[in-house]
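In what follows, a single structure is set out as structure tokens and then discussed.
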Amino acid sequence: MSRRKTHPGTIDLRGDSYRIRLMVEGKRHTFSLKGCTRAQAEDVARQKYEALQRRTERAKYGLPVSTRFSEVLALYEKDELPTLATGTQASYNDSLKPIRQYFVELRGDPEIEQIRPPHIKQYLSWRRTHNPDGTERKKPLHLRTVEKDRAVLHRLFSLAVELEMREGNPVALVKRPKYDKRQPVILSDEQYEKLIEKCGDNDMLRLYVLVLGEAGLRSQSEALYLRWEDLDLEGGFLNVVSGRSGHRTKSGKSRWVPLTTRLKDALRDHAAAYRLQAYHGCRSPWVFHHRSDGTNRGAGDRIGTLRKALRSTAKRAELPPAFRLHDLRHRRVTTWLAEARNPVHVKEALGHSDLRITMDYTHLAREHLRSLVEDDGLDQSVDQYPTQQTRMSADGRR
């Protein structure tokens, strides 16, 4: 009995190589494979045939027949990246650098449809031990950063699938790296006050700490883009605006955040000192602005970062080494939840896209658990907490 054919075209053994001949839409295609088995050659024949059919179909509808990885990368940077929040754009740009280095420079810019899950795994392994410029690292990269690179790759290939440049997202078939998530440093009241104290005479830095700690804004991506018209000191709110001056919030939505009495007073004092201040004959529109000229910036220009200044202040305040800028936002969330504030209102003030994100903070806001062991004067008699047998008797059924 003849063996049933399980592959397209013909496969012939010629010396130590297999020759594959395929016919698609009347056009002949020939490939040679060396150093493989018959089964492997049949598998390649099936893959090649499917790829050629897809190319023929794309050409029929006037779509690009083949697209290089660099072309998808350029499309993503042009059309998709600008739609993300300002901070997310910066973070994703950090991932795009090593991605470009690996796939374009080291791997010769392959066609997007040729990239398979094993190639993605190879990149993640390479990234663990290499810097964005391709040089080797002294110690392995944290898996949290590797996972972020994977997420960026997933978005790139999702764009390729959406534009019908390939079928299926190979990143989806590669498991996320597992690691212990960083535990935020939740400052005590004493530590928080000490951080503010160590800001010294730096008015801008002190207000910055208060805005992050009292309003829970997303550090530089939101606080440093505040303009004077965003402050409603009479009503007790500040407005986080999305889609203005090149800034976009993570959700893409503007929102109002309530002001604590302390923050309202600090903003009122700050406005009295700087809102009408003129620099080179003009008033600055920015709440956080430079008060003197410097390299590549002028007095009145928006402050681009206070990260380094805050890091030095945290060191002087003797905060835990693991403390990060974003932990001030974590402190605000956990404080609100520990005070039993309405989670829906907390979600709205923070700009979370889903209530589940807000509720994830409950494991950090532990004060509400104290009620489980404190004696609140409740009557804990058998009559108030009947046993299962008592309930069954009263109900007549289980």
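Note that these values count all heavy atoms, side chains included, but never hydrogens, waters or copies made by symmetry.
Side chain of Asp230 to main chain of Leu238: no donor-acceptor pair is present (N/O by atom type, distance under 3.5 Å, no hydrogens or angles). One N or O on the side chain of Asn169 and one on the backbone of His154 form a donor-acceptor pair closer than 3.5 Å. Side chain of Arg137 to main chain of Lys139: a donor-acceptor pair is present (N/O by atom type, distance under 3.5 Å, no hydrogens or angles). Between the side chain of Lys148 and the backbone N or O of Ser91 there is at least one donor-acceptor pair closer than 3.5 Å.
Here Glu190 pairs with nothing under the salt bridge (Lys or Arg N to Asp or Glu O under 4.0 Å) rule; sequence neighbours left out.
Using a cut-off of 4.0 Å between Lys/Arg side-chain N and Asp/Glu carboxylate O, Asp180 and Arg144 are scored as not salt-bridged. With respect to Arg46 and Asp43, a salt bridge is recorded, a charged nitrogen being found less than 4.0 Å from a carboxylate O.
Within 6.0 Å of NZ in Lys121 there are 12 or fewer heavy atoms belonging to other residues, nucleotides or ligands. Under a cut-off of 6.0 angstrom, the local environment of CD in Glu229 is crowded, with over 12 non-hydrogen atoms contributed by other residues, nucleotides or ligands. Environment of CD in Glu348: sparse, with no more than 12 heavy atoms of neighbouring residues, nucleotides or ligands closer than 6.0 Å.
Counting only N and O atoms by type, the side chains of Tyr279 and His289 include a donor and acceptor under 3.5 Å apart. Side-chain polar atoms of Tyr225 and Arg244 form no donor-acceptor pair below 3.5 angstrom. With no hydrogens or angles considered, a side-chain donor-acceptor pair links Glu214 and Tyr192 at under 3.5 Å.
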- Audit row: Val185, Arg324, side chain to side chain contact (heavy atoms under 4.5 Å, CB included) steps and yes/no: CA-CA 7 Å; Val185 175; Arg324 297 291 182 270; over 6 Å; no
- Message: Pair Trp126, His119 - check ring-ring contact (aromatic ring centres under 6.0 Å, His included), show working.
- Response: CA-CA 10 Å; Trp126 173 87; His119 301 131; over 10 Å; no
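Using a 4.5 Å heavy-atom threshold, the side chains of Arg128 and Leu143 count as touching. A heavy-atom distance below 4.5 Å is found between the side chains of Glu77 and Arg100. Taking the side chain as every heavy atom from C-beta outward, Ile303 and Tyr208 never approach each other to under 4.5 Å.
Using cut-offs of 30° and 60° for the angle between ring planes, the His270 and Phe288 rings count as tilted.
The side-chain tip of Arg38 does not point at the ring of Tyr18 from less than 6.0 angstrom away and within 45° of straight on.
Within the structure, the salt bridge (Lys or Arg N to Asp or Glu O under 4.0 Å) test picks out the following pairs touching residues 309-319 (sequence neighbours left out): Lys194-Glu318.
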